[in-house]
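A short worksheet on the structure shown next.
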Amino acid sequence: MDINKLIEILKEKYPNARYELDWDNPLQLLIGTILAAQCTDERVNKVTKILFPKYPNAQAVADADIGELEEVLKPTGFYKKKAKQIQDVCRALLENFAGEVPKTMAELTTLPGVARKSANVVLNNAFRIPSGIIVDTHVHRISPRMGLTKEGNPEAIERALMKIVPQDEWVQFGPAMVLHGRYVCTAKKPKCSECVLKDICPKIGVEN
DNA sequence: CTCCCGATAT
DNA sequence: ATATCAGGAG
């Protein structure tokens, strides 16, 4: 797989790639990303449409009745854990970060429910900071398939991608890979015939 | 490795 | 009825 060719083709196919969560400010993206654990963006968007007007800022979430918060979050699954996480995140933001979403990987990953994937989503999309490369379930699946790495865990895959993709491409590359995995290079029955990468992809492990 | 949990498609 | 979707903490 020619990495420069891959970057070029992805950029052309997904010029404005971004995570498909609805948000108006960094806090909303952070909350949406936490809720997106084991849950589609589509379902997160349905919930945040109710959640964000009801709790318009960090203080409102911090002060929320945990039971009411849980009710709103229920459709995203793991709702008790997520309710506590986003409330604790907002409290930590108010206490430690002057109510603002921090702009570094180290600070973001101190927050409950936020590891590298979520931190990269926030930093890449809200702040255009090339903190790393988003490795969600899609990037995790398609990177070995494309022959970009033989690594199997998210941290190692991210490290491998960071080595072969120039840093000034990370913010574009990550979200584009996510979209490509979600809609074309799917887990079952990947749509190779309509894939823009079909001529340069080794299709490792893909049955056809 | 287990636990945390539910909507939608087939 | 069963498959698919798709992170993080302990």
Side-chain angles (χ1 to χ4, degrees), chain A residues 14 17-23 26-51 61 66-93 96 101-102 104-126 131-146 148-149 151-162 174-191 205-207:
Chain A
Y14 309 100
R18 63 174 193 87
Y19 237 67
E20 295 183 310
L21 295 169
D22 295 331
W23 53 280
L27 176 63
Q28 291 189 350
L29 179 58
L30 176 60
I31 290 174
T33 306
I34 292 168
L35 299 182
Q38 294 289 101
C39 177
T40 60
D41 287 1
E42 191 182 352
R43 225 177 317 137
V44 171
N45 287 336
K46 283 185 185 172
V47 165
T48 54
K49 199 173 176 183
I50 310 292
L51 183 75
V61 178
I66 192 72
E68 285 184 28
L69 207 48
E70 287 174 359
E71 277 308 309
V72 179
L73 300 188
K74 221 158 203 170
T76 68
F78 308 146
Y79 62 91
K80 287 187 180 174
K81 177 170 280 190
K82 288 176 182 175
K84 180 164 171 36
Q85 283 176 341
I86 70 168
Q87 184 161 66
D88 287 349
V89 162
C90 286
R91 287 174 177 170
L93 256 32
N96 307 324
V101 176
T104 68
M105 175 62 68
E107 290 172 314
L108 275 169
T109 51
T110 65
L111 301 170
V114 182
R116 285 197 66 92
K117 179 261 172 178
S118 296
N120 278 330
V121 168
V122 171
L123 292 168
N124 287 1
N125 288 282
S131 50
I133 295 174
I134 298 167
V135 179
D136 70 344
T137 184
H138 302 293
V139 181
H140 181 249
R141 176 183 65 253
I142 75 179
S143 296
R145 201 179 256 179
M146 291 176 176
L148 299 178
T149 176
E151 297 294 344
N153 68 77
E155 294 75 26
I157 290 172
E158 189 185 351
R159 256 182 274 120
L161 294 177
M162 287 166 77
M177 287 281 281
V178 171
L179 290 186
H180 194 254
R182 182 173 296 161
Y183 297 114
V184 182
C185 198
T186 48
K188 274 191 73 179
K189 297 182 183 174
K191 301 170 179 62
V206 177
E207 295 153 47

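Here is how names work: the chains are called A, B, and so on, in the same order as the sequence lines, proteins then strands, and each is numbered from 1.
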Could you state the atom-to-atom distance from CD1 of A/Ile34 to C1' of C/dA9 in whole Å? 13 Å
Over all strands shown, is A/Ser118 touching base, sugar-phosphate only, or nothing at heavy-atom distances under 4.0 angstrom? sugar-phosphate
Using a strict threshold of under 4.0 Å (side-chain N to carboxylate O), is an ion pair present between A/Arg182 and A/Glu20? yes
Is A/Glu158 close to A/His140 at the side-chain level, that is, under 4.5 Å between some pair of heavy atoms? no
Report yes if a side-chain nitrogen or oxygen of A/His138 is closer than 4.0 Å to either non-bridging phosphate oxygen (OP1 or OP2) of C/dA6; otherwise report no. yes
Classify the nucleic acid contact of A/Lys117 as base, sugar-phosphate or nothing, counting any heavy atom under 4.0 Å across all strands shown. sugar-phosphate
Closest to the A/Tyr79 side chain, choosing from B/dT8, C/dG8, B/dC5: B/dC5
Counting only heavy atoms from other residues, nucleotides and ligands, does the tally under 6.0 Å from NZ of A/Lys49 exceed 12? no
Comparing A/Val135 with A/Thr186, nearest DNA chain C nucleotide closer to 5' gives the residue A/Thr186
B/dC4 pyrimidine/purine six-ring stacking with A/Phe78, under 5.5 Å and 30°: yes
Would you say A/Lys74 reaches B/dC4's phosphate, i.e. side-chain N/O to OP1/OP2 under 4.0 Å? no
Need one value for A/Lys82: base, sugar-phosphate or nothing, where a base atom within 4.0 Å counts as base even if backbone is also close, heavy atoms only. nothing
From C-beta outward on A/Ala187, which listed nucleotide comes closest to its side chain: C/dC5, B/dG6, B/dT8? C/dC5
Result for 5'-nearest mapping on DNA chain C, choosing between A/Asp41 and A/Gly113, is A/Asp41
